[in-house]
There are 2 protein chains.
Amino acid sequence: MSESPDKFEVLKLGNQLCFPLYACAKEVVRIYREPLEEIGLTYTQYIVMMVLWEFGTMTEKELGGKLYLDSGTLTPVLKKLEKSGFVKRQRSEKDERSLSISLTNDGINLKEKALNVPQALDGCIHLSYDEMLTLRALLNKALEGTKKRRERNG
Amino acid sequence: MSESPDKFEVLKLGNQLCFPLYACAKEVVRIYREPLEEIGLTYTQYIVMMVLWEFGTMTEKELGGKLYLDSGTLTPVLKKLEKSGFVKRQRSEKDERSLSISLTNDGINLKEKALNVPQALDGCIHLSYDEMLTLRALLNKALEGTKKRRERNG
DNA sequence: CGTAATTAAATTGTGCACAATTTATTTTTT
DNA sequence: AAAAAATAAATTGTGCACAATTTAATTACG
């Protein structure tokens, strides 16, 4: 009895979901690098700022929950954003364990300059608007699924 | 004259393609960590091995082309794979600049153990099979687009 | 033919990511 | 209330990722 001839099909790059996901994410971050550099942000700093622009002051923990990042990543990123003058870091009054992250005036004003950053993808990602919406919806759905898993497993 | 009320809509996390892409990719790599650790690979080492399993011996440059990685990333990864005994690194005979990467017997045998790694996503990503196929196709299409851009810009 | 331009790896330096541990604070349990 | 458990940041250590530079080899050009 010979084994199935395509037993190893699952290990081909083209049959994997993980690889285009991984590579595509990196490409997008790479494409964002230049416009972000112009306004003085790295990609990780940019998504932190986006959360603060949208939701306002919150703790490092809450920020990490929205961005899927832990303190090991966020602590140094937030210290740099503080040094750049875009955020304030201060201990919460009602719970000294928590760190409250809020925007400075410079941080608030940066929002205006960031408006054209997402356009960097135009002409790089060759998808129709509908395809883009579908892709975004599927990614968000997949992300939700992993969230449930995180909550179960810690 | 007041400005449009939703001028900043584009900067909301939920309206971005980049964020779910970035977060989803990280989650998948995180989910793969455990099964990969059992067979002695990191995620980056895993995708290198997948290319070698599928296409056989090739140069570091060719490997980088398939994986969207440059020598700055690949050189140390390949040295570790060599130290682990899964690949051989040797200068090409016809071009001493190129490094030829080939599988050892251990590297070939590892393929069998890697067969169940992709299953780690089952139950974590809550997408139907059709949705997964759509997602993969859109990601591959987007990735192709950025490839054209890379070739233009260097 | 010999020099200039190109190319492939390697190296250097910066910035994440994340697991694991530590420290400080708060909450829960006896 | 005191000890134990839980929680939030910070720290430590490893491994990418990538821009920029360097080194060595090859190709192109005058």
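Convention: sequence-line order gives letters A, B, ...; per-chain numbering from 1. Bear in mind that the values here come from a model prediction, so they are computed numbers and not experimental data.
Distance B:Ile47 CD1 to D:dC16 C1': 10 Å, rounded to the nearest Å. Between the P atom of D:dA25 and the CZ atom of B:Arg91 lies a distance of 9 Å, rounded to the nearest Å. Note: CG (B:Leu36) to C1' (C:dA19) measures 15 Å, nearest angstrom. Atom pair A:Leu41:CG and C:dC16:C1' shows a separation of 15 Å (rounding to whole Å applied). In this structure, A:Arg97 atom CZ and D:dA10 atom P are separated by 14 Å, rounded to whole Å. Counting to the nearest Å, the C1' atom of D:dA8 and the NZ atom of A:Lys94 are 14 Å from each other. Rounded to whole Å, the distance from CD on B:Glu96 to P on C:dA10 is 12 Å. Summarising the geometry, the separation between CZ on A:Arg30 and C1' on D:dC16 is reported as 15 Å, rounded to the nearest angstrom.
The shortest distance between the side-chain N/O atoms of B:Thr44 and the OP1/OP2 oxygens of D:dA17 is below 4.0 Å. Between B:Lys79 and C:dT11 there is a side-chain N or O to OP1 or OP2 distance below 4.0 Å. Using a 4.0 Å cut-off, no side-chain N or O of B:Gln45 falls inside it from OP1 or OP2 of D:dG15. For D:dA17, the OP1/OP2 oxygens have a side-chain nitrogen or oxygen of A:Tyr22 closer than 4.0 Å. One finds no side-chain N or O of A:Lys26 lying less than 4.0 angstrom from the OP1 or OP2 phosphate oxygen of C:dA17. Side-chain N/O atoms of A:Arg89 include one lying less than 4.0 angstrom from OP1 or OP2 on D:dA10.
Taking 4.0 Å as the cut-off between side-chain N and carboxylate O, A:Arg91 and A:Glu96 do not count as a salt-bridged pair. A salt bridge is absent between A:Lys88 and A:Glu82: the closest approach of a Lys/Arg side-chain nitrogen to an acidic carboxylate oxygen does not fall below 4.0 angstrom. Remark: A:Glu112 engages B:Lys7 in a salt bridge, criterion side-chain N to carboxylate O under 4.0 Å.
The residue A:Glu37 sits apart from the nucleic acid: no heavy atom pair falls under 4.0 Å. Using a 4.0 Å heavy-atom cutoff across all strands shown, B:Val29 reaches no nucleic acid atom at all. Here A:Glu62 lies out of heavy-atom contact (under 4.0 Å) with every strand. At a threshold of 4.0 angstrom between heavy atoms, the contacts of A:Thr42 are confined to the sugar-phosphate backbone, with no base atom among them. If you check every strand for non-hydrogen atoms under 4.0 Å, B:Ser71 touches a base. Residue contacts shown for A:Thr73 include a base, since a base heavy atom lies under 4.0 Å away.
When distances are taken from the side chain of A:Lys61 to each of D:dA8, C:dC18, D:dA19, the shortest belongs to D:dA8. When each of C:dA8, D:dA17, C:dT26 is scored by its nearest atom to the side-chain atoms of A:Asp95, the top-ranked nucleotide is C:dT26. For B:Leu99, counting side-chain heavy atoms from C-beta on, the closest listed nucleotide (C:dA9, D:dT26, C:dC16) is C:dA9. When distances are taken from the side chain of B:Arg33 to each of C:dA19, D:dA8, C:dA10, the shortest belongs to C:dA19. Minimum atom distance to the side chain of B:Asp70 is reached by D:dC18, of the listed C:dA9, C:dT25, D:dC18. Side-chain proximity of B:Lys80 to the nucleotides C:dA9, D:dC16, C:dT26 is greatest for D:dC16.
For B:Asn116 (side chain) and B:Gln119 (main-chain N/O), no donor-acceptor pair under 3.5 Å exists by modelled atom type. A distance-only check finds no donor-acceptor pair linking the side chain of A:Thr59 to the backbone of A:Ser100 [under 3.5 Å].
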Q | Working for side chain to side chain contact (heavy atoms under 4.5 Å, CB included), residues B:Phe86 and B:Leu103 | A | CA-CA 6 Å; B:Phe86 296 134; B:Leu103 289 167; 5.7 Å; no
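Between A:Tyr68 and B:Phe19, the two ring planes are tilted [angle within 30° to 60°].
Taking the nucleotide of DNA chain D with the nearest heavy atom to each of A:Glu60 and B:Gly72, the more 5' of the two is matched to A:Glu60.
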